[in-house]
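Remember, it's 1-based here, ligands and their atoms both numbered in the order they're listed. For this chain, numbers begin at 1 and follow the sequence in order.
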Amino acid sequence: MGQKPLVKPSRDILVAARFLSEGGIGGVPTETVYGLAADALNPSAVRKIFEAKSRPFIDPLIVHVSDMRMAEQVAEFTDEARLLASRFWPGPLTMVLPRKSIVPDIVTAGMDTVAVRMPSHPIMHELICAAHTPIAAPSANPFGYVSPTKAEHVIEQLGGRVDFVLDGGDCACGVESTIVLMTSNPKKLLRPGPVRACDIEEALSQKIDRSPKVNEAHPQAPGMLKSHYSPKSALRLFNDVSEIPSDFKGEIIFIKRPDEIKSNYYWLSQDGSPKEAMRSLFALLRALDKISKYGIYCQNPPPGDDWLALADRLGRARNKMSK
Ligand code: AMP
Ligand code: MG
């Protein structure tokens with residue numbers, strides 16, 4: 001599983017793999033968001049990720065693998081973890097599992113667990129195969145800012161700090177992976193994402209805790225910090241346009257294309273598809289952040305599992321209110 005027929009990687013992927021083998025870091029496409037990659041087994045390379053992102057060292061990284069053999073080299077798998085892997089990998093699900101000793105402390109923030117994911121993006125898959133090592137990669141953005149969903153987002157913000165950026169086009173999911181803590185009972189949804197909580201529950205035939213309590217001083221996942229994924233502009237949320245002051249001159253984002261359109265109206269999807277809305281969110285926030293003078297209003301998504309990831313990201317993005 002996860003093993004693809006042998007395809008010769010492009011020269012660019014081989015060059016990137018070479019950088020990683022020599023302790024470099026680079027921007028890489030995945031199906032969720034762009035990652036900032038380093039050889040997960042090389043602590044000094046991993047340190048460069050933290051420095052480039054200004055990421056606190058208490059914030060552990062996700063280890064990306066190309067196949068189950070590599071996954072079992074870094075983490076202890078239970079039958080349930082294997083079941084989720086067979087159902088959702090390669091894909092946007094991260095499992096937090098007991099770590100194996102091969103994983104350096106800097107990757108796990110010294111914890112006895114490690115977060116593992118097998119991405120489905122073909123370039124990322126080929127890169128891990130070509131580098132012959134698991135790849136640690138958080139999102140390729142300065143800590144706390146909106147995650148990148150295009151190669152140019154990475155170049156804009158981290159271009160001067162990385163050895164390479166592989167362009168794999170726009171990210172198909174557009175939000176970070178779903179993270180599940182597999183070592184607790186019940187299992188905990190640490191971060192909602194493209195794989196829905198109800199799909200995990202169905203696969204496991206058990207309920208998972210969708211809103212685990214957060215310890216802000218030592219969050220189990222930094223994505224859990226109240227303020228994260230924030231644009232610089234003030235971002236407020238609304239349910240109905242009537243809540244927006246009539247003299248508001250800033251940008252207004254709707255979940256789906258409104259019937260009546262004004263020049264400051266934007267939308268995340270044509271017809272209310274959660275997948276399309278997730279795909280658009282970060283790129284639109286970045287674009288509006290560049291032009292916004294008076295702040296942004298964004299509509300709250302409807303309730304339900306389909307919209308949990310979007311509601312979560314908006315809830316954290318709106319916390320930072322000052323320019
Ligand atoms: P990022 O890719 O920047 O969104 O960050 C990776 C996410 O994985 C963060 O939210 C981490 O806290 C989470 N993560 C990585 N390792 C662990 C772990 N051992 N336990 C809990 N969460 C983790
Ligand atoms: Mg991140």
Side-chain angles (χ1 to χ4, degrees), residues 25 27-38 40 46 49-65 71 74-76 81 92-101 103-119 121 124 134-149 153-154 157-158 171 173-184 187-195 208-209 212-231 278 281-282 285-286 309 312-313 316-317:
I25 59 170
V28 294
T30 82
E31 69 276 27
T32 56
V33 300
Y34 272 76
L36 183 56
V46 173
I49 292 181
F50 285 90
E51 287 164 358
K53 274 183 69 96
S54 307
R55 182 176 175 114
F57 286 102
I58 56 152
D59 193 347
L61 306 180
I62 296 173
V63 175
H64 297 76
V65 297
V74 295
E76 209 72 68
L93 176 71
T94 297
M95 284 189 269
V96 176
L97 296 164
R99 75 192 265 196
K100 293 252 177 94
S101 58
V103 183
D105 274 347
I106 188 168
V107 172
T108 66
M111 293 197 284
D112 51 11
T113 52
V114 61
V116 193
R117 182 166 101 79
M118 190 191 295
H121 196 295
M124 182 64 169
I135 289 180
S139 49
N141 52 302
F143 185 70
Y145 193 68
V146 179
S147 293
T149 57
H153 295 161
V154 184
Q157 288 192 304
L158 298 176
C171 297
C173 300
V175 298
E176 304 82 353
S177 59
T178 307
I179 304 181
V180 189
L181 179 64
M182 298 296 286
T183 56
S184 67
K187 295 172 182 39
K188 292 180 182 174
L189 182 67
L190 296 184
R191 178 170 75 187
V195 173
I208 60 174
D209 180 0
K213 288 218 166 55
V214 185
N215 175 352
E216 282 268 327
H218 199 95
Q220 269 165 315
M224 294 173 89
L225 289 171
K226 264 205 216 142
S227 175
H228 208 71
Y229 313 116
S230 298
M278 278 193 272
L281 177 70
F282 287 154
L285 284 181
R286 275 176 182 264
D312 170 80
R313 302 309 186 272
R316 294 176 206 284

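With distances taken over non-hydrogen atoms, the option nearest atom 3 (O) of ligand 1 out of Arg55, Met111, Lys53, Glu176 is Arg55. Taking all heavy atoms of Ser139, Pro60, Pro98 into account, the minimum distance to atom 2 (O) of ligand 1 is reached by Ser139.
Atoms of ligand 1 lying under 4.0 Å from at least one heavy atom of Ile62, given by number and element, are 6 (C), 7 (C), 8 (O). Close contacts between ligand 1 and Leu61 involve ligand atoms 15 (C), 16 (N) [criterion: under 4.0 Å to a heavy atom]. Ligand-side atoms of ligand 1 in range of Pro138: 1 (P), 2 (O), 3 (O), range being under 4.0 angstrom from any heavy atom. Close approach to Ile179 involves these atoms of ligand 1, each under 4.0 Å from a residue heavy atom: 7 (C), 8 (O), 10 (O), 13 (C). Against a heavy-atom cut-off of under 4.0 Å, Thr113 is close to the following atoms of ligand 1: 18 (C), 19 (N), 20 (N). Short contacts between ligand 1 and Val96, defined as distances under 4.0 Å to a heavy atom of the residue, involve ligand atoms 18 (C), 19 (N), 20 (N), 21 (C), 22 (N).
Note on Ser147: not counted as a metal contact of the Mg ion (ligand 2), no N/O/S atom lying under 2.8 Å.
Interatomic distance, Ile208 CD1 to Met182 CE, rounded to the nearest 0.5 Å: 9.5 Å. Interatomic distance, Ser139 OG to Arg55 CZ, rounded to the nearest 0.5 Å: 6.5 Å. Atom NZ of Lys53 is separated from atom CG of Leu36 by 7.0 Å, given to the nearest 0.5 angstrom.
The closest approach between Leu190 and ligand 1 falls below 4.0 Å for a heavy atom of the residue. Residue contact annotation: Arg99 has no non-hydrogen atom under 4.0 Å from ligand 1.
Side-chain atoms of Thr178 come within 3.5 Å of backbone N or O of Val195 as a donor-acceptor pair. For the pair Arg191 (side chain) and Ala309 (backbone), a donor-acceptor distance under 3.5 Å is absent.
The shortest heavy-atom contact between Ile106 and Phe57 is CD1-CE2, 3.9 Å.
Contact annotation: for Thr94 versus ligand 1, there are no heavy atoms closer than 4.0 Å.
Neither side chain, Ser177 nor Thr32, offers a donor N or O lying under 3.5 Å from an acceptor on the other.
A salt bridge links Glu31 and Arg117; the closest N-O separation between the charged side-chain nitrogens and carboxylate oxygens is under 4.0 Å.
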